[in-house]
2 protein chains.
Amino acid sequence: MTRVLLVEDDPQLVRALVINLQARHYGVDAAPDGATALRLAAARRPDVVLLDLGLPDMDGVDIIKALRGWSRVPILVLSARQASGEKVAALDAGADDYVTKPFSIDELLARLRAAVRRTEDAPHAPGPLLVETADFSIDLIAKKAIRDGQDVRLTPTEWHLLEILVTHPGRLITQKHLLQEVWGVSQRSKTNYLRVYMAQLRRKLETDPSHPRYLITEPGMGYRFEG
Amino acid sequence: MTRVLLVEDDPQLVRALVINLQARHYGVDAAPDGATALRLAAARRPDVVLLDLGLPDMDGVDIIKALRGWSRVPILVLSARQASGEKVAALDAGADDYVTKPFSIDELLARLRAAVRRTEDAPHAPGPLLVETADFSIDLIAKKAIRDGQDVRLTPTEWHLLEILVTHPGRLITQKHLLQEVWGVSQRSKTNYLRVYMAQLRRKLETDPSHPRYLITEPGMGYRFEG
DNA sequence: AGGTCGCGTCAGGGTCCCGTCAAAACCAGG
DNA sequence: CCTGGTTTTGACGGGACCCTGACGCGACCT
């Protein structure tokens, strides 16, 4: 059974959608706000997320980013905003689709089927929520790094960088990609950023920062996390 | 470079989109009708398809079905029809997204980025992503070479050269082509580059570098990778 | 048999890249 | 306005990488 996480604060709309979804044999969890949504997403591991952007407690784009930090679950955004700027922001933050209210229920269901179909075709194992090594462990949901039983304090930039690396274990990530993702620039002239922050991360996580075991440099190309 | 196949019969819209796409460094092929579209899709293997449903020669849904018969390339549908029935039919036939005209160009580009991003994360075999031999194996997406269970460290130039050879197994690659691709020069006077770097690669990958089994020299012509 | 051409090998030097440190600029909260 | 933490710079030393030229060898041609 396909499990849907419905994130929506309007009880009336929730009721209507739940009825429709259950009639099509989807399993539905509902969350009225962002905090609940993130908690449920981690606990229930839905196959697809329906996300209303107009939530009381959090900005919608932040929810998308938070989810994308550890999961690649398809995200369909529902919103009353028709402005293209909103759409672009949500899609670039990692959403898969954007439907403006009011929408046809048939269309929504078709878009939902399309999103689910894609993940069936390419059965990517759902990303781990906890990355563990012999020396430290990274909790992607709680956004915490733990080393020798102690919490390691990471700044937002450090975390963003680390997140990209550990969610693609073994993969080489090019400097261009990292700069684009974390700083929004793709100029090769600012590789100092990378050098400084990689040094920070190694100092905080590696047992021997000058001979890193996990955060590996590939000269001239980029960096890689070895698990 | 990301290659887009644009299927659209309105020359004015084609022109506008081509300009916008090329400005963002996409490679664009254009097809004015369904038959051309299918031929180009097979010949050029685009990374994403922009498909107008209102073509002169074929029904749009049939084009989607024909494509889906052999390819999972993301398909973004453009259409003037707002009726949800059309959308449902297109999406259920295998389309990934459906944008109604008139659309904001920014939104279209954002949806296109979203579609491309998905395939990057889960690369569904545009070729073999893992090249294996009896002595070593090459992981093309992680950019890693492994020999006897050990990681082999390759420099950017070495990797670039190796990548070209192993992605065309058995094929002879001319010196001119290799020089052009890796060093941007096609002068035959600099074949020393090739000699030096081929020697490096053999030393790192072959069990008997002076009698290579995989990285074969074709005297006077070029090199070939034997799988 | 001698010559030529193309290839493999090696080592040195110049250049670019990376790690490191520290100071300046920035920002949010009190 | 001040303060602590964070991000952005700049400078520097060491090492990795790329280019280059020289040499030897074998194949092929004459």
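Naming convention: chains lettered A, B, ... in sequence-line order (proteins, then strands); numbering from 1 in each chain.
What separates CD of B:E158 from P of D:dA16 is a distance of 14 Å, to the nearest Å. One interatomic measurement links the two molecules: CG of B:L215 to P of C:dC7, which rounds to 15 Å at whole-angstrom precision. Whole-Å rounding puts the A:W183 CH2 to D:dT9 C1' distance at 13 Å. A straight line from CD of B:Q200 to P of C:dC10 spans 10 Å, rounded to a whole angstrom. Spacing between atom OH of B:Y197 and atom P of C:dT9 amounts to 16 Å, rounded to whole angstrom units. Atom P of nucleotide C:dG8 and atom CG of B:D208 are separated by 14 Å, given to the nearest angstrom. The distance between atom CG of B:L179 and atom P of D:dT20, rounded to the nearest whole Å, is 12 Å. Distance A:L201 CG to D:dT6 P: 13 Å, rounded to the nearest Å.
Other residues, nucleotides and ligands place no more than 12 heavy atoms under 6.0 Å from the NZ atom of A:K144. Heavy-atom neighbours of B:R3 CZ from other residues, nucleotides or ligands within 6.0 Å: above the threshold of 12. The environment of B:K204 atom NZ is dense: over 12 non-hydrogen atoms of other residues, nucleotides or ligands sit within 6.0 angstrom.
Phosphate proximity of D:dC18 to B:T157: present, with a side-chain N or O under 4.0 Å from OP1 or OP2.
Contact annotation: the side chain of A:V48 never approaches that of A:T119 to less than 4.5 Å [non-hydrogen atoms, C-beta and beyond]. The shortest distance between side-chain heavy atoms of B:L5 and B:V73 does not fall below 4.5 Å. Looking only at side-chain heavy atoms (C-beta outward), A:R118 and B:D96 come within less than 4.5 Å of each other.
Summarising the geometry, atom CZ belonging to A:R171 is positioned 8.5 Å from atom NE2 belonging to A:H177; distances are rounded to the nearest 0.5 Å. Expressed to the nearest 0.5 Å, how far OG1 of B:T2 lies from CG of B:L21 amounts to 10.5 Å.
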Inset, instruction - Using a 4.0 Å heavy-atom cut-off, write out nucleotides 24-30 of chain D from 5' to 3' as B (base contacted by protein), S (sugar-phosphate only) or - (no contact). - result: -------

Legend entry - Contact letters for nucleotides 16-30 of chain C, in which S counts primed atoms plus P, OP1 and OP2 and B counts the base, heavy atoms under 4.0 Å: -SBBBB---------

Please output the side-chain donor-acceptor pairs of residues 134-143 of chain A that fall under 3.5 Å, not counting sequence neighbours, one pair per line with the distance.
residue : atom : partner : partner atom : Å
A:D135  : OD2  : A:Y214  : OH           : 3.2
A:D139  : OD1  : A:I141  : N            : 3.1
A:D139  : OD1  : A:A142  : N            : 3.1
A:K143  : NZ   : A:E163  : OE2          : 3.1

